[in-house]
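A short worksheet on the structure shown next.
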Amino acid sequence: MSIKYCDQHKDCERQRLYRRFCVALVGIILLALLIVLIVWLVLRPSKPHFFLNNVDIVCINVSSSAALTVTMQATLAARNPNDRVGIFYDRADVYAEYRGLQVTVATSLPPMFQGRNDATVWAPFLSAANVPLPPYLATALAQDETAGYLLVTIRVDGWIRWKAGAFITSHYHLRVRCPALLTVNDGQGSYGSNAGGGRGYFKFNRAAPCIVDV
């Protein structure tokens, strides 16, 4: 009875083959997705752990026109906590923030692969010249320095992939936030004995784990 809906018998056969091909293709795609899901659930890759080991402020200066010039070095450590999964760091940019404002140019870390349970340490220099500060931030920075404590945030923004055997995931957005508390003039600020600044005027208080979002 179905032949009457076709002009020729060959057209009907072609349609049947086309439908079978589509069904087979959909089945293969679903099977591949199922395999990927099973592998993902079995391995359950964890996001990398980041730690801020040190922040060394070489110089920081705010001009009379509220323009900030700063040079610092941040020492970051990243550890892959996975027993069976490696991590590709395809791109990672590091920069410093003060009260939500980016105050240094982003420094790019070299692309790398981190093996299972491996750890990596970076120590990039972060700097910027003549960054315009809103008046309230220039005032806040002066007040923090006077009080003897300065809180900055070291951020990492990048893209990573996980690797398990021959299976490599797509890219995932990596966001890392590392608060850094520094004492100014040994916590005495402008009232301390060292009024000239210089190396050691800002001291990193303690190492701390970072907040990682993938």
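In what follows, residues are counted from 1 in the order of the sequence shown.
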Report whether [X] and [Y] are members of the same hydrophobic cluster (ILVMFWY, side-chain heavy atoms less than 4.5 Å apart, transitive linking).
| X | Y | answer |
| --- | --- | --- |
| Phe204 | Phe50 | yes |
| Val121 | Phe125 | no |
| Leu101 | Ile57 | yes |
| Ile87 | Trp159 | no |
| Tyr136 | Leu68 | yes |

Handout entry: Hydrophobic cluster (4.5 angstrom, side-chain heavy atoms) - remaining members for Phe51
Key = none

Handout entry: Flag for Asp144-Tyr98: side-chain donor and acceptor within less than 3.5 Å
Key =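 There is such a pair (donor and acceptor under 3.5 Å, judged by atom type) between the side chains of Tyr98 and Asp144.
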
Problem - Asp157 versus His173, side-chain donor and acceptor atoms under 3.5 Å - result: yes

[X] side chain to [Y] main-chain N or O, any donor-acceptor pair under 3.5 Å?
| X | Y | value |
| --- | --- | --- |
| Lys163 | Gly165 | yes |
| Gln102 | Thr104 | yes |
| Asp56 | Gln73 | no |
| Ser46 | Asn82 | no |

[X] side chain near [Y] side chain, heavy-atom distance below 4.5 Å:
| X | Y | answer |
| --- | --- | --- |
| Arg99 | Glu97 | no |
| Thr153 | Cys178 | no |
| Leu141 | Val62 | yes |
| Thr75 | Pro124 | no |
| Tyr89 | Leu109 | no |

Practice task
Could you tell me whether Arg91 atom CZ has more than 12 heavy atoms of other residues or ligands within 6.0 Å of it?
Solution key: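 More than 12 within 6.0 Å, yes.
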
Distance, nearest 0.5 Å, that separates [atom1] of [X] from [atom2] of [Y]:
| X | Y | atom1 | atom2 | answer |
| --- | --- | --- | --- | --- |
| Leu182 | Tyr149 | CG | OH | 11.5 Å |
| Phe202 | Cys59 | CZ | SG | 10.0 Å |
| Asn80 | Thr120 | CG | OG1 | 9.0 Å |
| Lys47 | His49 | NZ | NE2 | 8.0 Å |
| Leu150 | Ile60 | CG | CD1 | 6.0 Å |

Practice task
Sequence neighbours left out, what passes ring-ring contact (aromatic ring centres under 6.0 Å, His included) with Phe113? Give chain and number order.
Solution key: Phe88

Exercise for the section: Test side chain to side chain contact (heavy atoms under 4.5 Å, CB included) on Leu52 and Leu76 and set out the steps. Expected result: CA-CA 5 Å; Leu52 182 62; Leu76 286 161; 3.7 Å; yes

Practice task
Test Thr107 against Tyr95 for side chain to side chain contact (heavy atoms under 4.5 Å, CB included), laying out the working first.
Solution key: CA-CA 6 Å; Thr107 298; Tyr95 59 92; over 6 Å; no

Handout entry: From CA spacing to verdict: side chain to side chain contact (heavy atoms under 4.5 Å, CB included), Thr69, Val131
Key = CA-CA 6 Å; Thr69 297; Val131 178; over 6 Å; no

Handout entry: Met72 vs Val55, side chain to side chain contact (heavy atoms under 4.5 Å, CB included): CA-CA, chis, key distance, verdict
Key = CA-CA 7 Å; Met72 66 178 70; Val55 174; 4.2 Å; yes

Exercise for the section: Please report the C-alpha distance between Asn117 and Asp83 in whole Å, then the side-chain angles of each, then the deciding distance to 0.1 Å, and finally whether the side-chain hydrogen bond (donor to acceptor under 3.5 Å, both in side chains) criterion is met. Expected result: CA-CA 6 Å; Asn117 294 309; Asp83 295 327; 3.0 Å; yes

Practice task
Please report the C-alpha distance between Asp93 and Ser108 in whole Å, then the side-chain angles of each, then the deciding distance to 0.1 Å, and finally whether the side-chain hydrogen bond (donor to acceptor under 3.5 Å, both in side chains) criterion is met.
Solution key: CA-CA 4 Å; Asp93 296 328; Ser108 296; 2.8 Å; yes

Problem - is_close_aromatic(Trp162, Tyr172), centroid dist under 6.0 Å - result: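 Ring centroids of Trp162 and Tyr172 are less than 6.0 Å from each other.
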
Exercise for the section: Looking only at non-hydrogen atoms, find the nearest pair between Ala74 and Leu126 and report the distance. Expected result: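 Nearest pair, atom of Ala74 first, then Leu126: CB-CD1, 4.2 Å.
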
Problem - Test: Asp90 and Arg161 ion pair at under 4.0 Å - result: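 Between Arg161 and Asp90 there is a salt bridge, with a charged N closer than 4.0 Å to a carboxylate O.
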
